[in-house]
Amino acid sequence: QVQLVESGGGSVQAGGSLRLSCVVTGNIRSVKDMAWYRQPPGLQREMVASITSAGITRYADSVKGRFAISTDKAKNAVWLQMNTLKPEDTAFYYCYAGDVIYRGSDGIARVATEYWGQGTQVSVSS
């Protein structure tokens, strides 16, 4: 089974920092894209930062210069370093993995379009 295991959320005051971690577990062969999304209270889920297997990154305008996404392809892990946090960064943060090639319990290789983590809460107080 493929799972995304997240950690690192919590509560912090404005101006503080947090680092989110996400590991793709299972018999993984490769992961093409990884990203972090967030869903603020009462709003839709939005992309925060993404990174391709080639290392190309994208950021939402609201987090440029404050957040940094990074990966370790060998560990199938992705991190989101969040600095200078603002109250408007308060949200549930979700890890995303796209085009995951894995080997099932029957030994057959499969491709899954997308996987999502369970989410981790980030709360920023003013």
Side-chain angles (χ1 to χ4, degrees):
Q1 285 283 22
V2 176
Q3 288 186 315
L4 272 60
V5 181
E6 302 167 357
S7 60
S11 298
V12 66
Q13 288 192 326
S17 298
L18 285 172
R19 182 176 171 88
L20 304 183
S21 301
C22 174
V23 178
V24 186
T25 64
N27 195 345
I28 307 299
R29 287 294 175 261
S30 66
V31 180
K32 183 178 180 182
D33 303 307
M34 298 196 76
W36 289 94
Y37 285 70
R38 68 185 180 188
Q39 186 165 15
L43 298 176
Q44 291 187 335
R45 191 175 297 189
E46 61 181 4
M47 193 277 290
V48 176
S50 66
I51 186 166
T52 69
S53 57
I56 299 171
T57 57
R58 289 176 57 208
Y59 295 92
D61 288 342
S62 59
V63 307
K64 283 180 181 177
R66 299 188 298 121
F67 291 12
I69 188 170
S70 59
T71 61
D72 184 331
K73 288 191 287 186
K75 298 179 180 179
N76 294 315
V78 63
W79 296 270
L80 184 67
Q81 178 66 43
M82 304 185 293
N83 299 325
T84 319
L85 282 161
K86 304 176 180 179
E88 51 264 42
D89 294 319
T90 295
F92 241 88
Y93 283 70
Y94 297 90
C95 179
Y96 163 91
D99 288 344
V100 178
I101 299 177
Y102 67 99
R103 195 170 295 279
S105 57
D106 56 5
I108 297 175
R110 293 180 171 83
V111 179
T113 304
E114 61 182 40
Y115 278 103
W116 292 90
Q118 78 282 3
T120 184
Q121 177 69 47
V122 171
S123 298
V124 185
S125 58
S126 57

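Just so we're clear, the structure is a prediction, and the values are computed from it rather than from any experiment. When reading the values below, keep in mind they use all heavy atoms of this one structure, side chains included, and skip hydrogens, waters and symmetry mates.
Here the CG-CD1 distance, from Asp33 to Ile51, works out to 10.0 Å after rounding to the nearest 0.5 Å. Distance check, rounded to the nearest 0.5 Å: OG of Ser70 to CE of Met34 gives 10.5 Å. Here the CG-OG distance, from Asp72 to Ser21, works out to 11.5 Å after rounding to the nearest 0.5 Å. Rounded to the nearest 0.5 Å, atoms CZ (Arg38) and CE (Met82) are 9.0 Å apart. Here the CZ-OG1 distance, from Arg58 to Thr52, works out to 10.5 Å after rounding to the nearest 0.5 Å. Separation of atoms OH (Tyr93) and CG (Leu80) is listed at 7.5 Å; rounding is to 0.5 Å.
Tracing side-chain contacts under 4.5 Å through hydrophobic residues (I, L, V, M, F, W, Y), one never reaches Leu4 starting from Phe92; they form parts of separate clusters. The cluster map of Ile, Leu, Val, Met, Phe, Trp and Tyr, joined by side-chain heavy atoms under 4.5 Å apart, puts Tyr115 and Tyr96 in different clusters. When the side chains of ILVMFWY residues are joined at heavy-atom separations under 4.5 Å, either directly or via intervening members, Tyr102 and Val23 end up in two distinct hydrophobic clusters. Placement of Leu85 and Trp79 in two distinct hydrophobic clusters is found when ILVMFWY residues are connected by side-chain heavy-atom separations under 4.5 Å, directly or transitively.
Relative to the six-membered ring of Tyr94, Arg45 meets both conditions, a distance below 6.0 Å and an angle of at most 45° to the axis.
Smallest separation of non-hydrogen atoms from Val111 and Ile101: CG2-CG1, 3.8 Å. What you find for Arg110 and Gly104 is that their closest heavy atoms are NH1-CA, 3.8 Å. The heavy-atom pair separating Ser126 from Pro87 by the smallest distance is CB-CG, 3.9 Å. Smallest separation of non-hydrogen atoms from Tyr59 and Phe67: CE2-O, 3.4 Å. Taking both residues in full, the closest heavy atoms of Cys95 and Glu6 are given as N-OE2, 2.6 Å, listed atom of the first, atom of the second, then distance. Nearest heavy atoms, Met47 versus Ser50: SD-N, 3.8 Å.
Using a cut-off of 4.0 Å between Lys/Arg side-chain N and Asp/Glu carboxylate O, Asp61 and Lys64 are scored as salt-bridged.
Without hydrogens or angle criteria, Lys32 side chain to Ser53 main chain gives no donor-acceptor distance under 3.5 Å. Put simply, the side chain of Thr71 never gets that close to the backbone of Lys73: no donor and acceptor are under 3.5 Å apart. With hydrogens and angles disregarded, a donor-acceptor distance shorter than 3.5 Å links the side chain of Thr90 to the backbone of Val124. Judged purely by atom type and a 3.5 angstrom limit, Thr120 uses its side chain to pair as donor or acceptor with the backbone of Gly9.
When the shell of 6.0 Å around CZ of Arg19 is examined, it contains more than 12 heavy atoms from other residues, nucleotides or ligands. Counting non-hydrogen atoms of other residues, nucleotides and ligands closer than 6.0 Å to CD of Glu46 gives a total above 12. Around the CD atom of Gln3, the shell of radius 6.0 Å holds no more than 12 heavy atoms that belong to other residues, nucleotides or ligands.
Inter-residue side-chain proximity for Val48 and Asp89 is flagged as unmet; no heavy-atom pair is nearer than 4.5 Å. Side-chain contact between Ile28 and Val2 is present, with heavy atoms from C-beta onward closer than 4.5 Å. The shortest side-chain heavy-atom distance between Val31 and Asp99 does not fall under the 4.5 Å cut-off.
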### Check against side-chain contact (heavy atoms from CB on, under 4.5 Å), Leu20 and Gln81
CA-CA 6 Å; Leu20 304 183; Gln81 178 66 43; over 6 Å; no
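Within the 6.0 Å centre-distance limit, the rings of Tyr37 and Trp116 are counted as a close aromatic pair.
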